[in-house]
Amino acid sequence: MTSQIAELPDAIASLDAFASRIRGRQVAVFLDYDGTLSPIVADPAAAVLPQRARAALRALARRCPVAVVSGRDLDDVAERVDVDGVAYAGSHGLDIDGPAGRQSYGEEHLGDLDAAEGALAQALEGIPGAGIERKRFTVAVHYRQVASERERDVAEVVDRVARAYPQLRVAGGKRVYELRPAVDWDKGRAVLWLLEALELDRDDVVPIYVGDDLTDEDAFAALAERGYGVVVRGEEDARATAASASLADTDAVIEWLERLDELIDDHG
C-alpha cells in the first residue's frame, strides 16, 4: 500500500502514537546516508556527517541495533559515519558488512562495470556538468550541475550504454543515474538479510527504515507489513511511497533520532 508523501503524518509529531507500537518490543533502526543523515551536496565527496548526527547515532546504537544502508561504497560510508556498533551495507545493499563477515552480490559483473564506466566517460565528455562516480558495484552518473536543456542528452547516453551491457541495469535517484549489476538484490533485500543475520527476524522486533530516495522505496516496501518507514521529503517530492511517516529534512531526522533514543529509554 502506498500514499502520497504530502499525505503522510510528520514522524516527530507522531512519536507519542508510535510509542504504543514499540512498548515492550525491541527497535532496530536502518538509515540511508545521503539526503537522510547528511544533506545532499553538489559534490558527493563533500557530504560530511554532522557531528550532531554522529552523536545521535552513537547514543542510539547503545540502546538498539543500528545499520546504515547506503548507495555509497561500504568502506566509504563506514568511514564517513565512524560509529562503533553500527552495521553497514554499501552499494544499495550489494555489499554488506554482516556478523559473519563481508557478503557481496554481483562480483561477476565487475568487468561489465569497468567497461561501462569507460563508455560513459567518453560519451559524456561533451556535456558540461555531467560527472561519473565509480563505486565498486555501481557506476553513478550525476547530472545535478548539468543545464536543463542537456539533461535529456545525459539520459540518452546512459540508456545507450546500458543497452550495450545487458548484464547491468539502470536505476534512478535524485539527479543521478546508476548502472548496477542486474541481480535480484536491493536495499529491501539487504535490510531483510541483516534482520536475519543479526537475529532480529522476530515478532518482538520493530524494524524502522529512514531514507529519502527512490532506492529507499525497496526498503519501505519490504518492511511495510512489519515495520515503520520514514521518508525524508524533498521540496518538490510528490511521489507515492510505502513509508508510514515523513520528515522535512536532515535536521528533522537528527531531532527524530534524538527523541527516539529518549523514547526507547523511557520504555526500556
Side-chain angles (χ1 to χ4, degrees), residues 1-22 27-42 47 53 56 67-72 89 92-93 140-144 146 148 151-152 154-155 158-159 169-178 180 184-192 195 206-260 263:
M1 180 178 177
T2 61
S3 303
Q4 296 298 312
I5 286 181
E7 299 172 354
L8 294 178
D10 182 82
I12 294 175
S14 304
L15 266 174
D16 288 342
F18 184 62
S20 62
R21 183 171 178 180
I22 65 173
V27 167
V29 181
F30 302 84
L31 305 111
D32 178 37
Y33 183 80
D34 293 277
T36 301
L37 290 171
S38 176
I40 295 286
V41 292
V68 176
V69 184
S70 172
R72 290 179 177 269
H92 305 287
V141 176
H142 297 276
Y143 60 97
R144 187 171 297 276
V146 173
S148 58
E151 290 181 3
R152 180 183 294 274
V154 175
V158 172
D159 180 65
R169 65 183 177 93
V170 180
K174 291 186 176 178
R175 311 290 291 176
V176 62
Y177 297 108
E178 282 194 327
R180 309 177 197 165
D184 186 19
W185 202 258
D186 52 38
K187 285 186 174 184
R189 296 285 298 274
V191 168
L192 295 178
L195 283 172
V206 180
I208 301 169
Y209 189 92
V210 187
D212 73 305
D213 213 342
L214 291 173
T215 58
D216 298 307
E217 289 297 331
D218 294 316
F220 295 144
L223 299 179
E225 297 299 322
R226 59 186 295 186
Y228 188 69
V230 180
V231 62
V232 186
R233 58 185 184 270
E235 291 183 3
E236 301 177 1
D237 205 339
R239 72 176 189 264
T241 179
S244 303
S246 69
L247 290 167
D249 50 31
T250 55
D251 287 338
V253 171
I254 297 171
E255 180 183 350
W256 186 82
L257 291 174
E258 293 169 341
R259 295 184 60 177
L260 178 65
L263 192 65

Apply the test side chain to side chain contact (heavy atoms under 4.5 Å, CB included) to residues L257 and L31: give CA-CA distance (whole Å), side-chain angles for both, the deciding distance (0.1 Å), then the verdict.
CA-CA 10 Å; L257 291 174; L31 305 111; 3.9 Å; yes
Test Y143 against V158 for side chain to side chain contact (heavy atoms under 4.5 Å, CB included), laying out the working first.
CA-CA 11 Å; Y143 60 97; V158 172; over 6 Å; no
Check against side chain to side chain contact (heavy atoms under 4.5 Å, CB included), R226 and L192
CA-CA 11 Å; R226 59 186 295 186; L192 295 178; 4.1 Å; yes
Side chain to side chain contact (heavy atoms under 4.5 Å, CB included) between V27 and Y228: does it pass, once the steps are laid out?
CA-CA 10 Å; V27 167; Y228 188 69; over 6 Å; no
Hey, mind stepping through R189 and D218 against salt bridge (Lys or Arg N to Asp or Glu O under 4.0 Å) and telling me if it holds?
CA-CA 8 Å; R189 296 285 298 274; D218 294 316; over 6 Å; no
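Among all heavy-atom pairs drawn from R21 and G227, the shortest one is NH2-O, 2.6 Å. Residues A42 and R144 come closest through the heavy atom pair CA-CD, 4.0 Å. In plain terms, the two heavy atoms of A140 and V176 that are nearest each other are CB-CG2, 3.9 Å. What you find for V210 and V232 is that their closest heavy atoms are CG1-CG2, 4.2 Å. The nearest pair of heavy atoms linking S14 to P9 is OG-CB, 3.5 Å. The two residues P39 and T250 make their nearest non-hydrogen contact at CG-OG1, 3.6 Å.
Formation of a donor-acceptor pair under 3.5 Å by the Y209 side chain with backbone atoms of A222 is not found in this model. The closest donor-acceptor contact from the side chain of D159 to the backbone of A155 lies at 3.5 Å or more, if one exists at all.
A distance of 5.0 Å separates CZ of R239 from CG of L214, quoted to the nearest 0.5 Å. For the atom pair CG of L263 and CD1 of I22, the computed distance is 4.0 Å after rounding to the nearest 0.5 Å. To the nearest 0.5 Å, atoms CD1 (I40) and CG (D249) are separated by 12.5 Å. In this structure, F220 CZ and K187 NZ are separated by 9.0 Å, a value rounded to the nearest 0.5 Å. In this structure, the separation between OG1 on T215 and CG on D32 is 6.0 Å, given to the nearest 0.5 Å. For the atom pair E178 CD and H142 NE2, the distance stands at 7.0 Å (nearest 0.5 Å).
Residues P207 and L195 form a side-chain contact, since some pair of their non-hydrogen atoms from C-beta on lies under 4.5 Å apart. Here the side chains of I208 and F18 are in contact, with some heavy-atom distance below 4.5 Å.
T241 pairs in a side-chain hydrogen bond (donor to acceptor under 3.5 Å, both in side chains) with only one of the listed residues (E217, E7, Q4), which is E217.
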